[in-house]
Number of protein chains: 2
Amino acid sequence: MPVTIYDVAKAAGVGISTVSRVLNDNTNVRAETRHRVLEAIEALGYKPNILARNLSRNHVQTVGVVLSYFTNPFQVAVLQGIERFSSQAGLDLTIFSMESLKRRETLLENLSHGRRCDGLIVISFTPEDRFLQRFQRYHIPVVIADFADERIPSIYVDNVAGGYIATKHLLDLGHTRIGYILDHIEPQNGSGGNEPGADRQKGYQRALTEAGIAFDPKLVSESGLHSRERGAIAAHRLLNHPNPPSAIFAASDMIALGVMEYARSQGLHIPGDLAVVGFDDIELASFAGLTTVRQPMQEMGRHAAEIVTRLMQGEKVLRTSRQLPIELVIRETCGALTLAERG
Amino acid sequence: MPVTIYDVAKAAGVGISTVSRVLNDNTNVRAETRHRVLEAIEALGYKPNILARNLSRNHVQTVGVVLSYFTNPFQVAVLQGIERFSSQAGLDLTIFSMESLKRRETLLENLSHGRRCDGLIVISFTPEDRFLQRFQRYHIPVVIADFADERIPSIYVDNVAGGYIATKHLLDLGHTRIGYILDHIEPQNGSGGNEPGADRQKGYQRALTEAGIAFDPKLVSESGLHSRERGAIAAHRLLNHPNPPSAIFAASDMIALGVMEYARSQGLHIPGDLAVVGFDDIELASFAGLTTVRQPMQEMGRHAAEIVTRLMQGEKVLRTSRQLPIELVIRETCGALTLAERG
DNA sequence: ATAGTTAATGAAAGCGCTTTCACAGAGTGT
DNA sequence: ACACTCTGTGAAAGCGCTTTCATTAACTAT
């Protein structure tokens, strides 16, 4: 029923290999012949069957991205960047979301076997070694976004610097008891604790130390997830401390938003009673007037997509990893503006 | 290099068709034979080549979703619902985002030809007829989310009812000049103006009429997009009217958020000087204290995914379309709570 | 026993491309 | 004129599955 390459060949009075040639390389086919073939294609409304092409070429023309939480605006923003690039590159984008570690296992298991994508971008974590090896064996390049792993092309940000500038900013504003909330302390896997949250904490501690303030573990809380609900819970723990912090630095804007909600529900004024600084600069942050450390989320996605794409095409890429710049965005929740206005 | 069905057949001492049978139907193969085959599969670590299987079966085991704006939290929420269902159903999910009408044309053009997905979910619009026909010809079921089209399976809500209850609520609160902001007035295509924004406007007008208030076209503004920036611009137009509204109903929460930002930037208090009601109930809405009409976004996605999936499997589905319930969520921006507190 | 089913299996023919290989025919150099 | 390289092209062999079809073995019914 559907028109195949054979029909085109017949109509143009050539062999299928010639048709295939005009469809692909374009070299070594006489102009006149090509013209005939093109006309036949046009006349019959021929469209190459992708499935056949895929089998023959052993690829699927798609890049996969695995993200841990679809609900996380940060990840969605990265995804956006990826989408924009890959659609322009003519690649399909298939997404795999895994809401539990179990799911992640099975997902990676499947993914690393069948060729469901030609290249993979993982957001915010490193796949276990055995998966990495398998991907390599199948020549499926993997690149990581929002995570630095020396073994793998990674697009990341200097999280310790980020934690540092956020904390320093609060310190400069006169705060001495500064809380920190991160998603989770335990490394998710054996990759060695360079998770964003942990790195931001390093920066936080470094700023504290430089300021001559002793690090108080009681001022660090874990939310589990980058969500408002969990952020609020973590804030609750911190704020009900006998000697509560006057400022909180959160490892993500979502957590920060939760902190703000909780604080307000307790009648606390922001930034008067509690200063808050977030991380990411998601869209809500500007609405909420949240001071935060901006990471170029879309750019991260774009770069990651660009790298996989080139790797997929067999290109030898020299600098596969890239560090993107961050920036402190000062808004209302830290109190700096209020001070300035007063002054 | 990779182990194929032939290797398994050889190892198990059977023909490839037998291997294929145990891989698939499972009927009509002796228990003992199946066991041998299974053992060979295990021993060799055989995984069927998806590409070959796809070509042979003429499917790709994936559902596609085309969304207009990735930046739209509503669409992302629907996408989430889709993802959850389809991943459980063992289907891959590929997303197509189209930021312009041009892109949409070419996208649908490509999509309706090659088999890049076995089923398609489109969010918030109806593809043109010619595309629909083509999809039908290729037996690719299409279902629409957030849009009602009688010709196609659709998962939708009663938007005119939604517009009605939002407006009625404002009316009940004593407002008489109520503005309305929608994304765009012009139907995007010839499908006949039952776009969500237009329907909500119908409900808005109906409520007005019932209350004996003449509809004033000057109180309707178009933002173009569901974004804060555009919402703010539209609010600017409405609010600088000689006889400005005391309340604004926005066709989406994003627009409503923009309205709030603009109003506040002008020193207006919400809800004191301006009441605002949105639509969707995206996550930010609760943070912003926005009164809104909630639609079950994830559910929409889930249902849409369920329907396509069943259709893809050739199942004869009786009720392919479904209307989901909506609900007014009263929070701070409408002023109802303030009144109650006062009272 | 004998014909008539049914169950289990393998050979082979697709699926619709890409790619290798061989072979004409046209140039080139002597 | 003759050997010698290119170009342009088609036949045919994959790619790794599914599925049809024929065949054998085993089982029922007379």
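First the proteins, then the strands, lettered A, B, ... as listed; each starts at 1. Below, all heavy atoms of this structure are taken into account, side chains as well, without hydrogens, waters or symmetry copies.
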note: R53(A), atom CZ; dT19(C), atom C1'; distance rounded to Å ~ 13 Å
Here the gap from I155(A) atom CD1 to D146(A) atom CG, rounded to the nearest 0.5 Å, amounts to 11.0 Å
Determine, for F135(A) and R130(A), whether the Lys NZ or Arg CZ falls below 6.0 Å from the six-membered ring centre while staying within 45 degrees of the axis.
no
- Task: Give a yes/no answer on whether the side chain of Y46(A) brings an N or O atom under 4.0 Å of OP1 or OP2 in dC17(C).
- Result: yes
_Check the phosphate of dT18(C) against N24(A), side-chain N and O only, distance under 4.0 Å to OP1 or OP2. Yes or no?_
yes
**Message:** Please classify the nucleic acid contact of G13(A) as base, sugar-phosphate, or nothing, using heavy-atom distances under 4.0 Å.
**Reply:** sugar-phosphate
Quick one: do the D149(A) and T126(A) side chains pair a donor with an acceptor below 3.5 Å? yes
Report task. Please work out if S20(B) contacts a base, only the sugar-phosphate, or nothing of the nucleic acid, heavy-atom cut-off 4.0 Å. Result -> base
Note: for V19(B) and N49(A) on DNA chain C, the residue whose nearest nucleotide lies more 5' is V19(B)
| message | Does the Lys NZ or Arg CZ of R103(B) fall within the cation-pi geometry relative to F96(B) - under 6.0 Å from the ring centre and within 45° of the axis? | response | no
- Query: Which part of the nucleic acid does S17(B) contact within heavy-atom distance under 4.0 Å: base, sugar-phosphate only, or nothing?
  - Reply: base
Rounded to whole Å, NE2 of H35(A) lies from P of dT9(D) at a distance of 14 Å
Within the structure shown, what part of the strands sits under 4.0 Å from I16(A) by heavy-atom distance: base, sugar-phosphate, or nothing? base
| said: If the cut-off is 4.0 Å, is R57(B) near the phosphate of dC15(C), judged by side-chain N/O to OP1 or OP2? | reply: no
query = Is a donor-acceptor contact shorter than 3.5 angstrom present between the side chain of T33(A) and the base of dG8(D)?
reply = no
Practice problem: Could you tell me whether N54(A) contacts a base, only the sugar-phosphate backbone, or nothing, with contacts defined as non-hydrogen atoms closer than 4.0 Å? | Solution: nothing
Ranking dC17(D), dT18(D), dC15(D) by distance to the side chain of S56(A), first place goes to dC15(D)
Closest to the side chain of V14(A), out of dC17(D), dG10(D), dC15(C), is dG10(D)
Please classify the nucleic acid contact of N28(A) as base, sugar-phosphate, or nothing, using heavy-atom distances under 4.0 Å.
base
Q. On a plain distance test, is the side chain of T18(A) in donor-acceptor contact with the base of dG8(D) below 3.5 Å?
A. no
- Task: Look at the side chain of R21(A) against the base of dG10(D) and say whether a donor-acceptor pair falls under 3.5 Å; ignore hydrogens and angles.
- Result: yes
Practice prompt. Using a cut-off of strictly less than 4.0 Å, decide whether R30(A) has a side-chain nitrogen or oxygen near OP1 or OP2 of dG8(D).
Written response: no
Item to complete: Indicate whether any N or O donor in one side chain lies under 3.5 Å from an N or O acceptor in the other, for Q75(A) and S68(A).
Response: yes
Ranking dT9(D), dC17(C), dC17(D) by distance to the side chain of V29(A), first place goes to dT9(D)
